[in-house]
Amino acid sequence: MSLAAAQEALARLVLDVPDFPKPGIVFKDLTPVLADHAAFTAVIDALADVGRDADGNAVVDKVVGMEARGFILAAPVALALGAGFVPVRKPGRLPRRTHQVAYDLEYGSDSLEAHRDAIAPGERVLIIDDVLATGGTAAATVRLIQACGGATHGFGVALELGFLDGRAALGDLAVTSLAIV
Ligand code: AMP
């Protein structure tokens with residue numbers, strides 16, 4: 001039920017913004033979904049289900065969100081699952097010792113960081129983000145979780161840009177997208 005409601009909300013409310021942040025990119029603007037309580041609730045409920053088993057029991061210890069839009073979805077998913085929230089951030093933003101992973105962009109490279117003690121060895125971790133594009137961000141996040149000793153349960157994402165085939169960059173990671181566009 002929550003999946004159908006989330007899909008309806010995403011289809012109705014996500015806005016395509018051409019040529020943002022640069023020419024040729026069609027930006028998926030989820031802010032109208034966030035601004036609508038029923039839509040936001042449906043999306044969070046559906047993403048939280050990625051961290052549950054068939055009986056509806058939560059099976060993850062931590063939910064990781066990537067800076068910055070990932071935070072908006074991952075934090076309420078963590079609360080819904082009774083799990084902790086872990087921010088994965090751009091370099092230099094976390095104040096204590098971190099693990100860092102570099103990854104390639106279309107032009108150049110970038111890196112992401114997590115606090116070394118944010119995930120305890122053996123903890124089960126769900127990754128949540130708003131949009132899956134090339135998969136580079138999620139792949140780097142998987143490596144950060146591995147560096148901490150965590151076990152990645154899966155990746156839940158609101159929108160998947162199917163034409164970019166980001167899943168191919170994610171190997172055998174279980175990817176659940178609420179909608180493929
Ligand atoms: P990627 O690493 O290529 O899978 O890109 C995923 C990250 O970039 C996500 O955190 C998204 O927030 C953001 N992103 C990439 N492409 C788009 C897009 N067309 N619209 C909105 N966000 C995007």
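Remember, it's 1-based here, ligands and their atoms both numbered in the order they're listed. On a predicted model such as this, the values are computed, not experimentally measured, just so you know.
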Any Lys/Arg nitrogen of Arg96 or Asp117 sitting under 4.0 Å from an Asp/Glu carboxylate oxygen of the other? yes
Does His99 reach the main-chain N or O of Arg116 with its side chain, forming a donor-acceptor pair under 3.5 Å? no
Per the under 4.0 Å non-hydrogen criterion, ligand 1 touches Val26, Phe27, Lys28, Arg69, Asp129, Asp130, Val131, Ala133, Thr134, Gly135, Gly136, Thr137, Leu161
Hits for side chain to side chain contact (heavy atoms under 4.5 Å, CB included) against Pro95, two or more places apart or cross-chain, chain-then-number order -> His115
Salt-bridged, Asp16 to Lys28, with N to O below 4.0 Å? yes
Could you check whether any side-chain N or O of Lys62 sits under 3.5 Å from a backbone N or O of Ala118, counting only pairs where one atom can act as donor and the other as acceptor? yes
Please check: side-chain N/O of Arg52 versus main-chain N/O of Val59, any donor-acceptor pairing under 3.5 Å? no
